[in-house]
J.: 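Dumping the structure here so I can ask a few things about it.
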Amino acid sequence: VSVQRSSHGLELLLEVSRERGRLHRQIEDGVREGVRSGRLVAGTPLPSSRSLAAELGVARSVVVEAYDQLAAEGFIEVRPRALPRVAAAAAPPPAAPAKPPAAEPEPRYDLRPGAPDLALFPRADWLRSVRAALLEIPDAELDYGPPEGALQLRATLAEYLGRVRGVRCAPGALVVCHGVAQAMLVAARAVAGRRARVAVEDPGHADVRASLEPHDVDLVPVPVDDDGLQVDAIPPGVDAVLVTPAHQYPMGAVLTAERRAALVERSREEDFWILEDDYDAEHRYDRAPIGAMQGLAPDRVVSMGSVSKTLAPALRLGWMAVPDELLDAALAERASFDRGLPTLDQLALAEFIARGALDRHVRRSRRHYRRRRDALVAALPAGRTGGVAAGLHMTLALPAGADERAAQAAIRARGVAVDVLGRHRIASTGPPALLLGYGRISEAAIPPAVRALAGALED
Ligand SMILES: Cc1ncc(COP(=O)(O)O)c(C=O)c1O
């Protein structure tokens, strides 16, 4: 008979069977194996001999004999008026921890683009929205939510995006996603199944490309210039064109009205979709707001955005406004990823937007970023910076022929982290440049950071 039970609340996974030979040996073997495998760690209390005997249905003397033997071998400690316990010396040597990759030390000055100032996150305001969401959510909505997102958020976003970005869509045409990164993948698959041929800007965001590449999306590079994507250079036969019209990443150009119109016209004639990455349209300093392209052609443009640049990437909340013709496919693709999106966070965001907290936060952060942008432009050599009118980063031209990577390493050696333009190129060539973000650096730190950077470039 096999016995496998606990003893007086102390779980001890032990099996003994009269058919398998001497009972005390079986107890000894079981405890030794537990210690060697690390299942019984040093200090773990064992059941008293009386209770273990009762649990296993054996005579107490059997357990006492086993415990004596284990104590003699140093596996357990038997103490007067206390439960026996696994001896410290008996613990197996801890497995060598996997060596973490040698992390680069944090830079003294972080000028890498990519994140807003996380210290500006409106914690108190957000907490208010989280509390409201939690207090108001009906029990039934704590179940799996709709894969396309909570209706409350979709309704709030439809109003917000219409007001702020000129996006024209009904709540039902908005699909909530885990950021633009997922929206892009959903869109690419919705337009052409698993093997979409997508034209992308070159240079364009390397990390965005990297998130598409493992998913069988064929990327076709198209050059950009000071007017944004060169629409004439889009080759025939693409399923979709991925574009950052409000603020080209990373060069910072605005796609001109002529090019917008030309892109829409070609998309109608050649039947491709426009995937608009509206990633940081809210951050503009000295130019009028530029509406989303979606407003121009809601039947051709999938417009994607998120709160990663306005609130925090950690929220992983974004959206896509989808043309009617693509909606079923987009809903199916979004649903294929997981069992839905976090409902409480969505309701919190809906509440946050509905009471104007996002507008206030964007206005407030814009003032901070504008001051930093001004400080950076003032500290850098005139005529060398580009893409300064909007966004959270700018380009800094290097002297012709300079090696971007070498410059980046030299600057890093002085404690300043920057990005290089070349990382975002696919096939394009052009003058070398650095990308300098000002989301992660305080205004006061900009002059010393630029001095360090300039010092490295002079060497
Ligand atoms: C141009 C661009 N598009 C998309 C993304 C992805 O953003 P999300 O966090 O919304 O997935 C980023 C993130 O840095 C970005 O810079």
Side-chain angles (χ1 to χ4, degrees), residues 110-118 121 149 153 157 161 165 174-188 198-215 217 219 221-222 224 228-229 240-255 274-284 290 292-294 301-321 334 337-338 341-342 345-346 349 358 362 369 387 390-395 417-421 423-426 435-440:
D110 194 349
L111 287 174
R112 286 171 298 189
D117 186 343
L118 303 174
F121 186 81
L153 177 59
L157 279 173
L161 296 172
R165 304 292 309 126
L174 273 170
V175 179
V176 182
C177 292
H178 295 284
V180 169
Q182 189 184 51
M184 211 149 348
L185 206 47
V186 167
V198 180
V200 291
E201 295 166 328
D202 181 11
H205 202 298
D207 300 340
V208 169
R209 271 203 313 276
S211 68
L212 287 175
E213 267 161 358
H215 297 274
V217 178
L219 303 175
V222 178
V224 300
L229 178 77
V241 175
L242 177 57
V243 61
T244 49
H247 184 233
Q248 202 277 327
Y249 196 96
M251 304 305 286
V254 175
L255 192 65
I274 299 167
L275 312 183
E276 171 176 46
D277 179 355
D278 205 25
Y279 75 104
D280 76 349
E282 294 85 350
H283 300 122
R284 55 178 173 77
I290 290 155
M293 266 194 83
Q294 193 270 1
V301 181
V302 179
S303 190
M304 304 170 285
S306 76
V307 293
S308 293
K309 297 287 197 286
T310 49
L311 285 169
L315 292 173
R316 301 313 302 134
L317 281 176
W319 51 82
M320 54 198 296
R334 184 21 244 143
F337 276 92
D338 48 45
L341 300 125
D345 292 350
Q346 293 181 78
L349 180 59
L358 184 59
V362 167
Y369 295 137
L392 296 175
H393 78 275
M394 63 184 68
T395 58
V418 299
D419 196 6
V420 292
L421 175 57
R423 192 168 83 78
H424 302 278
R425 290 192 184 280
I426 311 173
L435 303 181
L436 309 180
Y438 41 93
R440 310 178 204 242

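Order of listing sets the numbers, starting from 1, for every ligand and every atom in it. Since we're looking at a predicted model, the values are computed, not measured. When a residue number appears, it is its place in the shown sequence, counting from 1. Computation of the quantities below employed the complete heavy-atom set of this structure, encompassing side-chain atoms and omitting hydrogens, waters and symmetry-equivalent molecules.
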J.: Salt-bridge test for Asp207 and Arg423: reply yes if a basic N is under 4.0 Å from a carboxylate O, no otherwise.
T.: yes
J.: So which protein heavy atom does atom 7 (O) of ligand 1 come closest to, and at what separation?
T.: Val180 CB, 3.9 Å
J.: Is it the case that the side chain of Glu201 and the backbone of Thr244 share a donor-acceptor pair, with hydrogens and angles ignored and the cut-off at 3.5 Å?
T.: yes
J.: Below 4.0 angstrom from a heavy atom of Ser306, which ligand 1 atoms are there? Numbered from 1 as shown, please.
T.: 8 (P), 10 (O)
J.: Looking only at heavy atoms of Lys309, does any of them come nearer than 4.0 Å to an atom of ligand 1?
T.: yes
J.: Could you tell me which atoms of ligand 1, counted from 1 in the order shown, lie closer than 4.0 angstrom to a heavy atom of Gly179?
T.: 10 (O), 11 (O)
J.: Has the side chain of Arg440 got a donor or acceptor atom that lies under 3.5 Å from a matching backbone atom of Arg112?
T.: yes
J.: At under 4.0 Å between heavy atoms, is it the side chain or the backbone of Pro313 that contacts ligand 1, or both, or neither?
T.: neither
J.: Is Arg316 near ligand 1, meaning one of its heavy atoms is under 4.0 Å from it?
T.: yes
J.: For the side chain of His247 and the backbone of Asp280, is there at least one donor-acceptor N/O pair under 3.5 Å apart?
T.: no
J.: Would a distance-only check, ignoring hydrogens and angles, find a side-chain to backbone donor-acceptor pair under 3.5 Å from Arg334 to Val186?
T.: no
J.: Note the single closest protein heavy atom to atom 9 (O) of ligand 1, along with its residue, its atom name and the distance in Å.
T.: Ser308 OG, 2.6 Å
J.: Identify the protein heavy atom lying closest to atom 16 (O) of ligand 1, giving its residue, its atom name and the separation to 0.1 Å.
T.: His205 CD2, 2.9 Å
J.: How far is atom 5 (C) of ligand 1 from the closest protein heavy atom, and which atom is that?
T.: Val208 CG2, 3.9 Å
J.: Does the plane of the ring in Tyr369 sit parallel, tilted or perpendicular to the ring in His283? Use 30° and 60° as the thresholds.
T.: perpendicular
J.: Name the orientation class of the two ring planes belonging to His424 and Tyr249 (parallel below 30°, tilted from 30 to 60°, perpendicular beyond 60°).
T.: perpendicular
J.: Considering distance alone, does some N or O of His178 sit under 3.5 Å from an N or O of ligand 1?
T.: no
J.: Sub-3.5 Å donor-acceptor pair from the side chain of Asp202 to the main-chain atoms of Ile426, do we have one?
T.: yes
J.: What's the shortest distance from atom 3 (N) of ligand 1 to any protein heavy atom, and which residue and atom give it?
T.: Asp277 OD2, 2.5 Å
